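A short write-up of the structure that comes next.
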Amino acid sequence: MSQQLDRNLALEIVRVTEGAALASARWMGRGDKTNADAAAVGAMRLLLGQIDVDGLVVIGEGEKDHAPMLYNGERIGRATQNSSNKPIQSVDIAVDPIDGTRLLSLGLPNALSVIAIADRGSMFSPGHLVYMDKLAVGPAGRGRVSLDAPVADNLAALARAKHTAVQDLTAVILDRPRNQKYIEAVRACGARLKLITDGDVAAGISTALEGTGVDILFGIGGSPEAVITAAALKCLGGEMQCRLWARDDADRAYAQRAGYDLDKTLTMDDLVHSDNVFFSATGITDGELLKGVHYVSGGATTESLVMRSLSGTVRRIIATHRWDKLERFSQVEYSA
């Protein structure tokens, strides 16, 4: 018997990522990460508040870097603002108003605005442990790779799955001293390597999309970004495995107090165990994944990636936004 799809929240949250991208794009290259973040967060909070859900922010990116934030534990959505007796949809929300704030502030590629939504209680919360060791692949590599295996074995397994040579694969790694062992291992195997300075949500998603030139992601990066990336890969049929990574003794002590197992490999279902995940990302600056905000006479254009795991539908939405129309009713400051 076929199952009827209900409301697709992905088509509602794309307005939120579009709004955050439009609000923050004016700060491109101005060297001001704080005000860029504030613009994105302000737009995101306002527009999320207009969606008819009872949302709980499980992943609020600002908590990691003390930026303006949609904070962990915040309740948001129109359903939290009234006391009607009608059924409401309770959801977990993971937000990254700007994935790549530094990229935006310097005018560099691949800054995105991102949201993932899933059933209430289904998203992993890393607490104050802000880093994870990560491995991500697209559909071809699903079930073929392991975070516990050496880099060489994972590359060889992925090459077999893709019917290609290891030398033709491209790995992406966040360029940090903590990831030097991964960098050296990939180079020793002869695979191509793409080092990124920021923005590993876009990098993780790129492993599962044709035409990006990225096959696999290795390395230690942000744990909030890991949960968001896992949500996207659920929609795309990819795979992600992670392990919480402690920076120091204080992190290890916190993990012990909070009951986090630093040795446990977290699977996709550990990170997001719902099968009904909604995801939206809108480009802020141009990148391999999405075009950024482009200004035209009297408005701007955006490109977004919008997905739902239950249906497997992946949409690219190119939108034109007109200031004269938006300014009649929107509280978000879009135009200069």
Side-chain angles (χ1 to χ4, degrees), residues 99-100 102-103 108-110 126 129-230 232-233 236-248 251-252 261-268 270-271 287-289:
D99 175 50
R102 178 180 169 275
L103 300 176
L108 297 174
N110 292 317
L129 297 170
V130 298
Y131 289 105
M132 285 186 184
D133 199 357
K134 310 177 191 180
L135 173 66
V137 291
R142 187 171 183 175
R144 307 292 185 94
V145 297
S146 170
L147 190 61
D148 295 319
V151 167
D153 290 358
N154 283 323
L155 288 172
L158 184 58
R160 287 193 298 271
K162 290 197 162 192
H163 306 290
T164 190
V166 168
Q167 290 77 10
D168 294 335
L169 296 177
T170 299
V172 61
I173 300 175
L174 193 63
D175 190 9
R176 300 287 189 274
R178 60 179 179 262
N179 287 328
Q180 191 60 36
K181 65 177 183 179
Y182 288 113
I183 294 170
E184 292 173 358
V186 169
R187 287 173 172 165
C189 294
R192 287 154 47 93
L193 177 61
K194 180 177 181 179
L195 294 174
I196 57 172
T197 59
D198 302 272
D200 60 349
V201 171
I205 296 170
S206 294
T207 64
L209 289 172
E210 295 292 334
T212 62
V214 173
D215 299 289
I216 189 167
L217 175 143
F218 293 107
I220 299 162
S223 53
E225 292 87 347
V227 178
I228 294 171
T229 304
L233 290 177
L236 290 165
E239 183 173 6
M240 188 169 201
Q241 299 173 24
C242 299
R243 189 178 294 118
L244 288 164
W245 187 78
R247 295 168 293 180
D248 49 31
D251 273 0
R252 284 183 279 274
D261 184 353
L262 296 177
D263 295 320
K264 180 181 178 180
T265 297
L266 300 170
T267 66
M268 292 272 284
D270 290 319
L271 296 168
E288 293 91 345
L289 187 64

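Quick caveat: nothing in here was measured; it's all calculated off a predicted structure.
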For this session: Hey, could you give me the CG/SG distance between Leu266 and Cys242, rounded to the nearest 0.5 Å?
Result: 6.5 Å

Exercise. Got Glu288 and Leu209 here, is their nearest side-chain heavy-atom distance under 4.5 Å?
Worked result: no

Exercise. Do you know the tightest heavy-atom contact between Gly213 and Thr170?
Worked result: O-CB, 3.1 Å

For this session: Identify whether NZ of Lys or CZ of Arg in Arg176 sits under 6.0 Å from the centre of the six-membered ring of Tyr131 and within 45° of that ring's axis.
Result: no

Exercise. When rounded to the nearest 0.5 angstrom, what is the spacing between CG in Asp168 and NE2 in His163?
Worked result: 14.0 Å

For this session: With rounding to the nearest 0.5 Å, note down the distance linking CG in Leu158 to CG in Asp215.
Result: 6.0 Å

Exercise. Should the heavy atoms of other residues, nucleotides or ligands under 6.0 Å from CZ of Arg192 be counted, would the total exceed 12?
Worked result: no

Seminar exercise, completed: What one should report as the nearest heavy-atom pair of Arg144 and Ala161 is NH1-CB, 3.3 Å

Problem set entry | From CG (Leu169) to OG1 (Thr164), nearest 0.5 Å | 6.0 Å

For this session: From the options Ile173, Val172, Leu217, select the one residue that forms a side-chain contact (heavy atoms from CB on, under 4.5 Å) with Ile196.
Result: Val172

For this session: For the residue pair Thr207 and Leu233, establish whether any side-chain heavy-atom pair is separated by less than 4.5 Å.
Result: yes

Exercise. Under the side chain to side chain contact (heavy atoms under 4.5 Å, CB included) criterion, do Val137 and Lys162 qualify, and how do the steps go?
Worked result: CA-CA 11 Å; Val137 291; Lys162 290 197 162 192; over 6 Å; no

Problem set entry | For Ala202 against Asp99, the heavy-atom pair lying closest together | N-OD2, 3.5 Å

For this session: Could you tell me whether a side-chain N or O of Glu239 sits under 3.5 Å from a main-chain N or O of Gly143, the two making a donor and an acceptor?
Result: yes

For this session: Would you check, one step at a time, whether the test side chain to side chain contact (heavy atoms under 4.5 Å, CB included) holds for Arg142 with Met268?
Result: CA-CA 11 Å; Arg142 187 171 183 175; Met268 292 272 284; 5.8 Å; no

Exercise. When rounded to the nearest 0.5 angstrom, what distance separates NZ in Lys134 from CG in Leu271?
Worked result: 10.0 Å

For this session: Look at the side chain of Arg178 and the backbone N and O of Ile220, then say whether any donor-acceptor pair between them is shorter than 3.5 Å.
Result: yes

Problem set entry | Any Glu225 side-chain heavy atom under 4.5 Å of Leu174 side chain | no

Exercise. If every non-hydrogen atom of Arg252 is compared with every non-hydrogen atom of Ala246, which pair is closest and at what distance?
Worked result: CG-CB, 3.6 Å

Problem set entry | N/O donor-acceptor pair under 3.5 Å between Asp251 side chain and Leu129 backbone | no

Problem set entry | Derivation of the side chain to side chain contact (heavy atoms under 4.5 Å, CB included) call for Val130 and Arg247 | CA-CA 9 Å; Val130 298; Arg247 295 168 293 180; 3.8 Å; yes

For this session: Answer yes or no: is there a side-chain heavy-atom contact under 4.5 Å between Asp175 and Ile183?
Result: yes

Exercise. Say you draw a straight line from CG of Asp270 to CD of Gln241; how long is it, rounded to the nearest 0.5 Å?
Worked result: 10.0 Å

Exercise. Are Phe218 and Asn179 close enough that some pair of their side-chain heavy atoms sits under 4.5 Å apart?
Worked result: no

Problem set entry | Over all atoms of both residues, closest heavy-atom pair of Asp133 and Leu147 | O-CD2, 4.0 Å

For this session: Could you go through the side chain to side chain contact (heavy atoms under 4.5 Å, CB included) check for Leu135 and Ile216 one step at a time?
Result: CA-CA 7 Å; Leu135 173 66; Ile216 189 167; 3.7 Å; yes

For this session: Please name the pair of heavy atoms, one in Asn110 and one in Leu289, separated by the smallest distance, quoted to 0.1 Å.
Result: OD1-N, 4.3 Å

